[in-house]
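Nothing here was measured: the structure is a model prediction, and the numbers come from that model. Every chain is numbered from 1 and lettered A, B, ... according to where its sequence line falls, protein lines coming before strand lines.
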Amino acid sequence: MSEHEATTWPEHLQPVADALRERFPQLSIELKPDNWLEVKVDADQSPEFFRYIKEYPGLAFDYLLDVTAVDYINEGKLQVVYHLARLGTDAKKRGKLVVKIDLPRDNPRVRSVVDIWPTANFHEREVYDMFGVVFEGHPDLRRILMREDWVGHPLRKDYVDQRPKRTRVTR
Amino acid sequence: MAETAVTSEVKQDTTTPAEHELFVNMGPQHPSTHGVLRLLLRVDGERVLSLKPDIGYLHRCFEKIAERRSVQMVIPYCDRTDYLAAITSEWAYVMAAEKLMGVEVPERAEYIRVIVGEMQRIASHLLWFGTFALDLGAVTAFLYAFRERESLFDIFQKLTGARMLYNYLRVGGVRNDLYEGFEEDILRFLDLLEERLIEYNKLLTGNRIFESRTKGVGVITKEQAIAYGASGPVLRGCGVPQDLRKTDPYSVYDRFEFNIPVGEHGDVYSRYVVRMHEFYESIRIIRQAIKTIPGGPWLGDVPRRMKLVGDVYTRVESPRGEVGVYLVGDGSDQPYRCHYRSPCFVHLQLLEPMGVGHLIADMVAIIGSIDIVMGEVDR
């Protein structure tokens, strides 16, 4: 843990890091460019973690910007990435948080956050559509951008286009 | 196709539709949806009981394509996501690439970006003003707005060579410098626009018919807007002073003086007022930037072999809200993953809380007020 303590945090982010470490002492917190805090969480810990950062008064990350995923095929994992922020008129109370959850590539499952931030609904549907990540407890997990009867999840790195090849016309 | 989809929705709906209830397909080819948005409405007479947006008709695999192109080759594809605000889409992407490569952007380039970015905001808001008024039946405003938009596009064409999809920003700066006489052109346009804005306001802002169509329609609370991740004028219309140019400044926005217009009631009219004020703020920013723009190069030193390493999320305030690009690099010159966070994609979820209980005709006003661009929603 000593390496974390050596990090000099910007003043307004120190309470955030403290509050996170108070509840989750094993958490690795990193400072990224533009004052983003990056946190890696286990999938089974995630429901507790998200509830905590939303509801604990010292954290209160009320604004979910984005949910997406990355397929790290060489490391054999799918990573779901959440971007969160706090809104407020006081500049010192602002903070930005990246949460990353590693999932196995076969049968990736993680708890949905729609009940915490309703905006996650479409984002999670998109991640399900493109990567096949199943969000447990999602009210309406269907494909959103691709057709309903589409086979496969296009943004996975090992995705193969199933459509018949078109012959190229050359002149 | 439409029929089977309707029945599947009926099955999902927990409440069985009563005798007098009806399912109505609005779209995908409905003129007021600004593209190919399909709304599935459950109505009682004219009143909307519930609605579900159905999207994906314009999906062009932007994120997949970006994984197969080198860094600079993705920029024109960014234009085509939000085609009414191409500069801001490019900007978010280019900023992400610069951060991953550690490229410094010359000061002059940042100023040029601010100027074209604000010009873009004006152009986009002009189109919104015209189509929004047209949706509500005011045809004249549409013609007025397009007249001004065309003369702004003339300047864009002189500067970038294109009228809508510019491909102007580059990793490390912009493609070419401002042309000789740009200053006079843009200042003349701004003066003209200020005069015309008075006309616009006379046309709509105090209009009794317009006000009764928009006031108290599509109301959302501050808490709802935040919970649903709203951004841009939709969030500011609820009274939250959130504008990335001020709250999380990027580029050189912290050097200019401008206000964040905020609405009061979170209804269609508040969002209208916020956007009308933003015209003036953009004009202010462009005038300041023109006055203080430094000399120097407009394209920084960019390594010939580009390498993207690490991951970064950049956010830009587009005319519609927060555009974010999540870019991951694996050491090659192609993005390993490029995710585009679209504000309208998020705002579509707000249609249900906004629209339920209103008439079908009000849905048209509500859709117009969130300024939707389907190219950006479906990517």
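Annotation for Glu257(B): atom CD does not count as buried by contact number, only 12 or fewer foreign heavy atoms lying within 6.0 Å. Atom CD of Glu55(A) has more than 12 neighbouring heavy atoms from other residues, nucleotides or ligands inside a 6.0 Å radius. Shown here is Arg68(B), whose CZ atom has no more than 12 heavy atoms of other residues, nucleotides or ligands within 6.0 Å. Applying the 6.0 Å contact sphere to NZ of Lys222(B) captures no more than 12 heavy atoms from other residues, nucleotides or ligands.
Neither the backbone nor the side chain of Asp330(B) comes within contact range of chain A; no heavy atom of the residue lies under 4.5 Å from a heavy atom of that chain. Both the backbone and the side chain of Glu63(B) come within less than 4.5 Å of a heavy atom of chain A. Residue Glu67(B) touches chain A through its side chain alone, counting heavy-atom pairs closer than 4.5 Å. There is no contact between Lys246(B) and chain A, counting heavy-atom distances below 4.5 Å. The part of Tyr326(B) that comes within reach of chain A is its side chain, from C-beta onward, which places non-hydrogen atoms under 4.5 angstrom from that chain. For chain B, no part of Leu84(A) is nearby; none of its heavy atoms comes within less than 4.5 Å. At a 4.5 Å heavy-atom cutoff, the contact between Arg156(A) and chain B is made by backbone atoms alone. Both the backbone and the side chain of Pro118(A) have a heavy atom closer than 4.5 Å to some heavy atom of chain B. Looking at Lys54(A), neither its backbone nor its side chain comes within 4.5 Å of chain B, counting heavy atoms on both sides.
Here Asp66(A) does not pair with Arg315(B) in a salt bridge; the nearest charged N to carboxylate O distance is not below 4.0 Å. Under the 4.0 Å criterion applied to side-chain N and carboxylate O atoms, Arg341(B) and Glu126(A) are not assigned as salt-bridge partners. Between Asp71(A) and Arg337(B) there is no salt bridge, since no side-chain N of the basic residue sits under 4.0 Å from a carboxylate O of the acidic one.
By number of non-hydrogen pairs under 4.5 angstrom with chain A, the leading residue of Ala227(B), Pro343(B), Ser231(B) is Ala227(B). Of the listed residues His123(A), Arg143(A), Met146(A), the one with more heavy-atom pairs under 4.5 angstrom with chain B than any other is His123(A). Ranked by heavy-atom pairs under 4.5 Å with chain A, the first of Val346(B), Asp311(B), Leu235(B) is Asp311(B). Here Val81(A) is the residue among Leu64(A), Ile116(A), Asn35(A), Val81(A) with the most heavy-atom pairs under 4.5 Å with chain B. When Val98(A), Ile144(A), Leu65(A) are compared by the number of non-hydrogen pairs under 4.5 Å with chain B, Leu65(A) comes out ahead.
Shortest non-hydrogen contact noted between Lys52(B) and Asp140(A) is CE-OD2, 4.0 Å. A pairwise comparison of heavy atoms in Asp62(A) and Ile226(B) identifies O-CG2, 3.6 Å as the closest pair.
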- Worked verdict on Val328(B) versus Tyr72(A) for side chain to side chain contact (heavy atoms under 4.5 Å, CB included): CA-CA 10 Å; Val328(B) 183; Tyr72(A) 292 102; 3.6 Å; yes
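In this structure, Lys157(A) satisfies the cation-pi test against Tyr336(B), with its NZ or CZ atom closer than 6.0 Å to the six-membered ring centre and inside 45 degrees of the ring normal.
Taking the side chain as every heavy atom from C-beta outward, Val70(A) and His339(B) never approach each other to under 4.5 Å.
For the atom pair CZ (Arg86(A)) and OG1 (Thr247(B)), the distance works out to 13.5 Å, reported to the nearest 0.5 Å. Of the inter-residue distances, the one linking Asp129(A) atom CG with His59(B) atom NE2 reads 7.5 Å to the nearest 0.5 angstrom. For the atom pair Gln242(B) CD and Leu87(A) CG, the distance stands at 5.0 Å (nearest 0.5 Å). Considering OH of Tyr228(B) and OH of Tyr63(A), their distance stands at 14.5 Å, rounded to 0.5 Å.
Side chain of Lys32(A) to main chain of Val312(B): no donor-acceptor pair is present (N/O by atom type, distance under 3.5 Å, no hydrogens or angles).
Using a 30° and 60° split on the angle between ring planes, Trp36(A) and Tyr313(B) fall in the perpendicular class, above 60°.
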